Protein chains: 2
Amino acid sequence: MLNTMYIKNKDEATEELIKNTAKRLFFGEGKFNATTQEIADAAGVNRTLINYYFRSRDKLFEIVFSDAQDKEQQRTESIIFSELPFKAKIEEFIDDSFVMAKEYPYMEIYLVTQFNQGCYFKDEEGMERMLKKFYEELNIEMSKGTIEKMEPIQFIINMVSLISFPISMRPLFQRTMRLTDAEYEKILDDRKEIIMNTLFGK
Amino acid sequence: MLNTMYIKNKDEATEELIKNTAKRLFFGEGKFNATTQEIADAAGVNRTLINYYFRSRDKLFEIVFSDAQDKEQQRTESIIFSELPFKAKIEEFIDDSFVMAKEYPYMEIYLVTQFNQGCYFKDEEGMERMLKKFYEELNIEMSKGTIEKMEPIQFIINMVSLISFPISMRPLFQRTMRLTDAEYEKILDDRKEIIMNTLFGK
DNA sequence: ATAGTGTTTAACATTTTTGTTAAACAAAAT
DNA sequence: ATTTTGTTTAACAAAAATGTTAAACACTAT
């Protein structure tokens with residue numbers, strides 16, 4: 001028999017539907033301890049289908065986690081190895097991060113909680129290659145004076161912090177500072193320019 | 001009968017011991033779904049003592065969460081309302097954050113996960129007062145030219161991001177970039193200067 | 001010493017969450 | 001039509017986590 005996929009009315013095969021729903025709950029809504037029942041409900045399917053497709057809750061989690069890592073890595077990779085000039089690369093990365101963040105704001109936090117529970121990191125070599133390349137570029141820019149001289153790693157930390165923190169910590173910021181959704185959206189929209197100015201000086 | 005506290009050999013009353021252990025697990029080790037059994041084991045006490053002292057798991061969580069909020073707020077407050085000049089305040093805040101982070105690196109992440117599960121924010125007025133004061137100072141510094149002109153909130157976000165992200169995302173950074181513990185410690189030690197330069201220009 | 005108080009423990013009960021099985025179901029191929 | 005294959009469901013079983021009770025314990029004050 002051909003392994004033709006049964007296509008659901010909602011144009012999504014059940015397996016995908018479950019996976020995407022789990023992603024949405026974890027990365028989109030930050031519900032890191034969603035039960036199988038909650039995931040099934042959110043997906044509108046019977047709970048035991050999770051076992052049917054993924055054997056166990058743990059397997060589903062593993063897969064979702066693995067996907068997340070891949071996506072993060074690909075995203076970064078495609079930008080770093082692009083032919084854009086340095087500053088444009090950074091802009092691209094910021095834009096791209098914000099797009100991603102709109103859908104999955106809690107991705108990074110989830111990765112951290114998973115690492116804390118003893119997960120391992122996947123594509124080590126790929127990451128190594130990327131970092132090496134980016135370090136080189138950073139060194140060039142520093143000697144050109146585009147950016148302040150510092151350890152390349154420090155620049156990277158600055159950049160990622162400025163981009164990701166206000167996204168993943170949104171509930172904390174927004175509630176602490178009593179901001180409406182609209183106000184916070186506005187703040188995020190303004191950040192690209194702020195970040196560029198902060199990283200490169202004005 | 002006097003409510004004299006029974007003092008444990010480890011110079012800590014059991015109730016405190018449990019609370020501190022929970023804090024250590026949550027904020028120190030990032031084990032956000034520690035079971036009552038795990039907490040009890042880590043504290044070296046019988047599991048049912050958690051029920052005895054805190055009624056339920058939820059109550060314990062509530063208390064720990066509330067304590068965390070208080071501590072964060074007090075910390076910030078004492079610095080903001082100090083008589084230090086602006087730049088010194090920031091330095092103080094950085095130092096203070098790093099000290100705190102040594103013990104409880106995952107505090108912020110925990111706060112976020114709790115907010116996501118429908119917790120509320122406590123001392124709203126206190127926070128309001130603090131922000132107002134800090135906004136004023138920021139505006140002064142901007143007109144003096146000490147820092148770039150921008151929305152005060154953006155400066156705050158920059159500052160907190162640069163400080164907190166590399167701490168709470170340590171597992172992510174460290175593993176992604178394949179750094180040893182020693183290497184990462186070194187990086188954190190260097191950050192104070194980096195952050196000051198990034199916020200104020202060199 | 002012992003009565004009184006608060007603390008700790010172990011045994012039990014309950015609830016919540018997860019996993020398994022067999023039967024019902026739907027679509028396609030023979 | 002009925003066999004085959006894969007999907008979905010409901011009923012059940014098992015495991016994990018939480019909560020309750022009563023009895024044992026330890027310290028203090030009388």
Side-chain angles (χ1 to χ4, degrees), chain A residues 1-26 29-65 110 113-114 116-119, chain B residues 1-26 29-65 110 113-114 116-119:
Chain A
M1 169 95 194
L2 294 169
N3 68 341
T4 50
M5 280 229 164
Y6 281 37
I7 302 302
K8 270 219 139 183
N9 25 4
K10 295 174 185 177
D11 88 36
E12 218 172 2
T14 309
E15 187 173 343
E16 276 307 295
L17 174 64
I18 292 173
K19 222 161 68 177
N20 288 335
T21 306
K23 270 185 204 167
R24 204 191 71 220
L25 288 180
F26 298 162
E29 301 178 18
K31 312 253 177 193
F32 299 146
N33 351 9
T35 64
T36 51
Q37 186 64 66
E38 285 168 330
I39 297 169
D41 287 350
V45 304
N46 189 290
R47 180 179 62 81
T48 51
L49 284 181
I50 291 175
N51 291 314
Y52 177 71
Y53 284 111
F54 303 97
R55 289 200 114 76
S56 72
R57 183 182 191 271
D58 281 353
K59 287 268 181 237
L60 170 60
F61 278 46
E62 256 175 50
I63 287 171
V64 171
F65 179 61
Y110 180 76
T113 65
Q114 288 306 97
N116 281 335
Q117 277 157 43
C119 277
Chain B
M1 171 87 194
L2 294 170
N3 69 340
T4 50
M5 282 229 163
Y6 280 37
I7 302 302
K8 270 218 142 186
N9 24 5
K10 293 171 186 178
D11 88 35
E12 219 172 1
T14 307
E15 188 173 344
E16 278 306 295
L17 174 64
I18 293 173
K19 222 160 70 179
N20 288 335
T21 305
K23 272 186 203 165
R24 203 191 72 220
L25 287 179
F26 298 162
E29 301 177 18
K31 312 255 174 187
F32 299 147
N33 353 8
T35 64
T36 52
Q37 187 64 65
E38 286 168 329
I39 296 170
D41 286 350
V45 303
N46 190 291
R47 179 179 62 81
T48 51
L49 284 180
I50 291 175
N51 292 317
Y52 177 71
Y53 284 111
F54 302 95
R55 291 199 111 78
S56 73
R57 182 181 192 270
D58 281 353
K59 287 268 180 236
L60 169 60
F61 278 45
E62 257 175 50
I63 287 172
V64 171
F65 178 61
Y110 181 77
T113 65
Q114 289 306 98
N116 282 336
Q117 277 157 42
C119 277

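None of these values were measured; they are calculated from a predicted model. What's counted below: heavy atoms across the whole structure, side chains too, no hydrogens, waters or symmetry copies. Each chain gets a letter, A, B and so on, in the order its sequence line appears, and its residues count up from 1.
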For R57(A) and dA14(D), give me the distance from atom CZ to atom C1', rounded to whole Å. 17 Å
Below 4.0 angstrom from OP1 or OP2 of dG19(C), is there any side-chain N or O of N51(A)? yes
Shortest non-hydrogen contact from A34(A) toward F26(A): CB-CE2, 4.2 Å
Minimum-distance nucleotide to L49(B) side chain [options: dT18(D), dA10(C), dT8(C)]: dT8(C)
What is the distance from CG of N46(B) to P of dA11(C), rounded to the nearest Å? 11 Å
Look at all strands and tell whether S56(B) reaches a base, only sugar-phosphate, or nothing, counting heavy atoms closer than 4.0 Å. sugar-phosphate
Is any side-chain nitrogen or oxygen of Y53(A) closer than 4.0 Å to OP1 or OP2 of dT8(D)? yes
Once you round it to whole Å, what is the distance between C1' of dT9(D) and CD of Q37(A)? 13 Å
In whole Å, what is the span from the NZ atom of K59(B) to the C1' atom of dG19(D)? 14 Å
Which pair of non-hydrogen atoms, one from Q117(B) and one from N33(A), has the smallest distance, and what is that distance? NE2-OD1, 3.7 Å
Between K19(B) and I63(B), the two heavy atoms sitting closest are CD-CG2, 3.6 Å
Heavy atoms under 4.0 Å, any strand shown: does F54(A) hit a base, just sugar-phosphate, or nothing? nothing
Which label fits Y110(A) and F65(A): parallel for a plane angle under 30°, tilted from 30 to 60°, or perpendicular past 60°? perpendicular
Roughly, in whole Å, what's the span from CZ in R47(A) to P in dA11(D)? 13 Å
Given atom CG of N33(A) and atom C1' of dT16(C), what is their separation to the nearest angstrom? 14 Å
dT8(C) phosphate, OP1 or OP2, under 4.0 Å from T14(B) side-chain N/O: yes
Between atom CG in D41(A) and atom P in dT18(C), what is the gap in whole Å? 12 Å
Tell me yes or no: between the side chains of N46(B) and T48(B), is some donor less than 3.5 Å from an acceptor? yes
Of the listed dT7(C), dT17(C), dG19(D), the closest approach to the Y52(B) side chain comes from dT7(C)
For dT18(C), does either OP1 or OP2 sit under 4.0 Å from a side-chain N or O belonging to T36(A)? yes
Could you state the atom-to-atom distance from CD1 of I39(B) to P of dT18(D) in whole Å? 8 Å
